Participant: 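Provided herewith is a single structure, encoded as structure tokens, for subsequent inquiry.
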Protein chains: 2
Amino acid sequence: MEQIDEIDKTILRLLQQDAKLTTKEIAAQLSLTLSPVYERIKRLENLGFIKQYVAILDKTRLGRPITTFCQVSMRYHDKAFIEKFEEEVQKLEEVQECYHMAGQVDFLLKINISSLDEYHDFVKNKLSQIENIGILNSTFVLKEIKHELGYRV
Amino acid sequence: MEQIDEIDKTILRLLQQDAKLTTKEIAAQLSLTLSPVYERIKRLENLGFIKQYVAILDKTRLGRPITTFCQVSMRYHDKAFIEKFEEEVQKLEEVQECYHMAGQVDFLLKINISSLDEYHDFVKNKLSQIENIGILNSTFVLKEIKHELGYRV
DNA sequence: AATGAAATCGTTCACAA
DNA sequence: TTGTGAACGATTTCATT
């Protein structure tokens, strides 16, 4: 059984907004007792609908308020080069997200940094050190307009 | 007082990996008792270092495995048009993230969808309905290479 | 700031319906 | 699949160092 019903969806919606809700609080919203809610949460965890519970931190408070997106195009598209890049990018702590893209650009990187100086250092001494990079195109985030943490359920 | 020390940083690091860690477990890792750890967590919450606790769901399991990035350039750059766009984009449930960017492209949107059909519908009937959009450029994610949920602490 | 203890509250599970 | 209740463990508060 891998299906979920409306009750499960409500549970997911609630936990996606606030992982600290108690079983009791969720049960109250659903007009159920603790056990069914408890069992359903365990099931949603076991089936992999819920992957993890995390604390969301404030990047500005942590001293790294700047976000940039960097488009990377490889010079050659040999499998070995691609895999090497994917491997190296895992090691770069500034890179928060990396996507292999369809289209002209091979990779899109989301990077989180404290200053333009740090970005300069990152591009010059870390990113550009990876073999076979052709074009780098960085754009800076001026303002986060929307940032939904959860998915539609 | 808004400073945090190494102990606080360790707590943040642990909680951004696993929000379900008990105070006891964290205290054990730090060789401390419950109270100081408890007080520090409360303090980090109150100071806004910890913004939220959330459950991370599996978008594939939820039936929306496709991610696209869409670059949007406005035709004219009047304040009113910009603000109108920012407002409309909040309402579009497919748009998970939206950034106002420096450079040629005005906005970068991260979009989460179930199928190419849904994306077609989204672009044609929702996004393009917003006034004053000049250029739209969509690229699809082939593979998530890296997706760090937390920040460096 | 940290410790240790005490009260309250939540989680977990066996069993019943 | 859901409800009840009991045992266990976690959270929260506070007097003390």
Side-chain angles (χ1 to χ4, degrees), chain A residues 1-64 148-153, chain B residues 1-64 148-153:
Chain A
M1 262 285 258
E2 309 229 342
Q3 290 300 72
I4 59 170
D5 61 16
E6 280 308 315
I7 295 176
D8 290 318
K9 287 184 184 175
T10 305
I11 293 173
L12 291 176
R13 238 177 266 122
L14 290 168
L15 287 176
Q16 198 171 49
Q17 285 165 223
D18 183 1
K20 287 281 150 132
L21 285 173
T22 63
T23 311
K24 196 177 173 182
E25 289 169 316
I26 297 170
Q29 294 217 36
L30 291 163
S31 306
L32 283 168
T33 52
L34 300 187
S35 328
V37 174
Y38 174 77
E39 295 301 338
R40 279 168 183 271
I41 294 171
K42 288 296 154 228
R43 184 163 161 273
L44 291 167
E45 288 169 3
N46 290 333
L47 289 177
F49 283 91
I50 298 171
K51 292 200 293 187
Q52 212 181 345
Y53 296 95
V54 303
I56 303 297
L57 307 187
D58 186 317
K59 62 174 182 292
T60 303
R61 273 242 182 258
L62 294 172
R64 275 182 256 270
E148 290 286 335
L149 295 162
Y151 300 105
R152 285 176 283 159
V153 183
Chain B
M1 260 288 256
E2 309 228 341
Q3 290 299 74
I4 60 171
D5 62 15
E6 279 308 316
I7 296 176
D8 290 319
K9 287 185 184 175
T10 305
I11 293 174
L12 291 175
R13 238 177 266 123
L14 291 168
L15 287 176
Q16 81 174 345
Q17 282 166 225
D18 183 1
K20 289 278 151 138
L21 286 173
T22 63
T23 311
K24 194 177 174 181
E25 289 169 316
I26 297 170
Q29 294 217 34
L30 290 163
S31 307
L32 282 169
T33 50
L34 301 186
S35 322
V37 175
Y38 176 77
E39 296 300 338
R40 279 167 183 273
I41 293 171
K42 289 294 156 229
R43 183 163 161 274
L44 292 167
E45 288 169 3
N46 291 333
L47 290 177
F49 284 91
I50 298 172
K51 293 200 292 186
Q52 213 183 343
Y53 296 95
V54 303
I56 304 298
L57 308 187
D58 186 316
K59 61 176 183 295
T60 303
R61 273 244 182 258
L62 293 171
R64 275 183 254 270
E148 289 285 335
L149 295 161
Y151 301 104
R152 284 176 285 159
V153 183

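Treat the numbers as computed from the prediction; the structure is a model and nothing was measured. Reminder, nothing fancy here: chain letters follow the sequence lines and each chain counts from 1.
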Participant: Given side chains that start at C-beta, do those of A:R13 and A:T10 come closer than 4.5 Å, heavy atoms only?
Facilitator: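 With C-beta onward as the side chain, the pair touches.
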
Participant: Just how far, in rounded Å, is P of C:dG10 from CD1 of A:I41?
Facilitator: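 It works out to 13 Å between those atoms.
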
Participant: Would you say B:R40 reaches C:dA2's phosphate, i.e. side-chain N/O to OP1/OP2 under 4.0 Å?
Facilitator: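 So the side chain of B:R40 is within the cut-off, an N or O lying under 4.0 Å from OP1 or OP2 of C:dA2.
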
Participant: In whole angstrom, what separates B:I7's CD1 from C:dA2's C1'?
Facilitator: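 For the pair B:I7 CD1 and C:dA2 C1', the rounded distance is 10 Å.
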
Participant: May I have the distance from A:L44 (atom CG) to D:dT1 (atom P), rounded to whole angstrom?
Facilitator: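 Atom CG in A:L44 sits about 11 Å away from atom P in D:dT1.
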
Participant: Using a 4.0 Å heavy-atom cut-off across all strands, classify A:K42 as base, sugar-phosphate, or nothing.
Facilitator: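 Sugar-phosphate only.
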
Participant: Considering only side-chain heavy atoms of A:T33, which listed nucleotide, C:dT3, D:dT13, D:dT2, is closest?
Facilitator: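 For A:T33, the side-chain atoms sit closest to D:dT2.
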
Participant: Distance check, rounded to the nearest 0.5 Å: B:R40 atom CZ versus B:L12 atom CG?
Facilitator: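 Here the rounded value is 10.5 Å.
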
Participant: Is atom NZ of B:K24 surrounded by more than 12 heavy atoms (other residues, nucleotides or ligands) closer than 6.0 Å?
Facilitator: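 It does not: B:K24 NZ has 12 such atoms or fewer within range.
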
Participant: For the pair made of CG in B:L15 and P in D:dT11, what is the distance, rounded to whole Å?
Facilitator: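 The distance from CG of B:L15 to P of D:dT11 comes to 11 Å, rounded to the nearest Å.
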
Participant: So, do A:L57 and B:L15 sit near enough that their side-chain heavy atoms are less than 4.5 Å apart?
Facilitator: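 Of all side-chain heavy-atom pairs linking B:L15 with A:L57, none is under 4.5 Å.
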
Participant: Judged by each residue's nearest nucleotide on DNA chain D, which is more toward the 5′ side, A:K20 or A:P36?
Facilitator: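 So the residue in question is A:P36.
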
Participant: Specify the separation, in whole Å, of atom CG of A:D18 and atom P of C:dG10.
Facilitator: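 The distance from CG of A:D18 to P of C:dG10 comes to 14 Å, rounded to the nearest Å.
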
Participant: Could you check how far CD of A:E45 sits from C1' of C:dT12, rounded to whole Å?
Facilitator: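 Taking CD of A:E45 and C1' of C:dT12, I get 13 Å after rounding.
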
Participant: Roughly how far, to the nearest 0.5 Å, is the CD1 atom of B:I56 from the CG atom of B:L149?
Facilitator: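 B:L149 atom CG to B:I56 atom CD1 measures 5.0 Å (nearest 0.5 Å).
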
Participant: Using whole Å, what does the distance between atom P of nucleotide C:dA14 and atom CD of A:E39 come to?
Facilitator: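 Roughly 10 Å, once rounded to whole Å.
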
Participant: Looking only at the side chain of B:Y38 (C-beta and beyond, no hydrogens), which of the listed nucleotides D:dG3, C:dA2, D:dT13 gets closest?
Facilitator: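 Output: D:dT13.
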
Participant: Less than 4.0 Å between a side-chain N and a carboxylate O, is that true for B:E39 and B:K42?
Facilitator: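 Salt bridge: no.
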
Participant: Below 3.5 Å is the cut-off: list the nitrogen or oxygen pairs between protein and nucleotides 5-10 of chain D, distance only.
Facilitator:
residue: D:dA10; atom: OP2; partner: B:K24; partner atom: NZ; Å: 3.3

Participant: Take the protein atom CD1 of B:I4 and the nucleotide atom P of C:dA1, then report the distance between them rounded to whole Å.
Facilitator: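 My rounded result for the distance is 13 Å.
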
Participant: Between C:dT3, C:dA1, D:dT4, which one does the side chain of B:L32 approach most closely?
Facilitator: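 Selected nucleotide: C:dT3.
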
Participant: Can you confirm whether A:D18 sits close enough to A:E25 that some side-chain heavy atom of one is under 4.5 Å from a side-chain heavy atom of the other?
Facilitator: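 Not in contact.
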
